[in-house]
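As a basis for the values below, the full set of heavy atoms in this structure was taken, side chains included, without hydrogen atoms, waters or symmetry mates. From a predicted model like this one, the values you see are computed outputs, not experimental measurements. In listed order, ligands and their atoms are each counted from 1.
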Amino acid sequence: MNLESDVLKVCISKEEIEKIVSRIAKEINDNYKDKNPLFICLLKGAVPFMTDLLKEINVKCSIEYLKVSSYDGIRSTGVLRIDTKIPDVKGKDVIIVDDIIDTGKTLFELKKLIQDKGANTVSIAILLDKPSGRKYDIYADYIGTLVPNEFVVGYGLDYNEYYRNLPYIGVLKEEIYKK
Ligand code: IMP
Ligand code: MG
């Protein structure tokens with residue numbers, strides 16, 4: 001029932017996350033210095049990443065939040081649901097911000113949709129990349145770090161809606177996933 005005692009190990013510490021976020025912000029600031037990008041944060045997992053990232057973005061930008069889901073427990077259902085209205089992206093330089101790419105389905109489909117709606121450019125900023133899980137031909141333009149094919153939680157990422165508030169990325173004890 002406790003938060004910390006369910007964690008088997010910490011994979012990426014709070015301090016490491018801070019360094020990753022600063023590095024990505026710098027890359028985006030450099031690449032978009034003459035643009036006014038629209039950041040689209042995917043709810044709910046990318047909220048801590050988006051919030052910390054924005055604090056270090058120094059270009060004039062706008063933000064939107066989009067609710068998408070494709071996971072049930074620790075498995076991808078393979079069906080992407082978009083639960084909120086897609087913002088107006090016509091002519092905009094969109095940066096999609098998400099927590100993790102696994103199969104790539106979410107970002108593959110969403111990127112296509114946003115391009116089809118007339119965005120000028122679409123890039124992807126991701127905190128974690130699980131390349132071994134990839135089933136779709138999609139890559140992120142800004143990548144925090146790679147993770148092995150393990151189910152991770154924390155810093156926005158959940159297991160059945162819990163553990164999003166851990167300040168680091170970790171793996172849970174096996175018995176938690178079996179419950
Ligand atoms: P994809 O469509 O398979 O790439 O899945 C992407 C989404 O699945 C992410 O935005 C997460 O919400 C979720 N997801 C994938 N792997 C993990 C994980 O290890 N922990 C928590 N959520 C995950
Ligand atoms: Mg997500």
### Task
Determine whether any heavy atom of Gly45 lies closer than 4.0 Å to an atom of ligand 1.
no

### Query
Would Lys111 count as a cation-pi partner of Tyr139, with NZ or CZ less than 6.0 Å from the six-membered ring centre and within 45° of the ring normal?
yes

### Query
Among Arg134, Lys135, Lys130, whose heavy atom sits nearest atom 16 (N) of ligand 1?
Lys130

### Proximity winner for atom 3 (O) of ligand 1, if only heavy atoms of Ile100, Thr103, Ile101 are counted
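Going through Ile100, Thr103, Ile101 one by one, Thr103 has the nearest heavy atom to atom 3 (O) of ligand 1.
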
#### Entry: Residue portion contacting ligand 1 (non-hydrogen atoms closer than 4.0 Å) for Glu150
backbone

### Task
Between Asp98 and ligand 1, find which residue part has any heavy-atom pair under 4.0 Å and reply side chain, backbone, both or neither.
side chain

Please tabulate, one pair per line, all N/O donor-acceptor pairs under 3.5 Å involving side-chain atoms of residues 54-64, not counting sequence neighbours.
residue : atom : partner : partner atom : Å
Lys55   : NZ   : Asp52   : OD1          : 3.4
Glu56   : OE1  : Ser22   : OG           : 3.1
Glu56   : OE2  : Ser22   : OG           : 3.0

N/O to N/O below 3.5 Å, does that happen between [X] and ligand 1?
| X | result |
| --- | --- |
| Leu157 | no |
| Asp158 | no |
| Val153 | no |

### Task
Kindly write out the residues that satisfy ring pair (Phe, Tyr, Trp, His ring centres under 6.0 Å) with Phe108, not counting sequence neighbours, or none if the list is empty.
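Per chain and number, Phe108 pairs via ring pair (Phe, Tyr, Trp, His ring centres under 6.0 Å) with Tyr136.
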
### Message
For Phe151 and Tyr177, take the angle between the two ring planes, folded into 0 to 90°, and tell me which bin it lands in: parallel under 30, tilted 30 to 60, perpendicular over 60.
### Response
perpendicular

#### Entry: Which of the ligand 1 atoms, numbered from 1, are nearer than 4.0 Å to a heavy atom of Lys105
2 (O), 4 (O)

### Query
For ligand 1, which atoms sit closer than 4.0 Å to a heavy atom of Thr106?
1 (P), 2 (O), 5 (O), 6 (C)

### Task
Applying side-chain contact (heavy atoms from CB on, under 4.5 Å) between Tyr142 and each of Ile124, Leu53, Asn31, Leu127, report the one that passes.
Asn31

### Query
Taking 4.0 angstrom as the limit, do Glu174 and Lys178 come out as a salt bridge?
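Here Glu174 pairs with Lys178 in a salt bridge, since their nearest N and O are under 4.0 Å apart.
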
### Query
Should Asp30 and Lys26 count as an ion pair when the cut-off is N to O under 4.0 Å?
yes

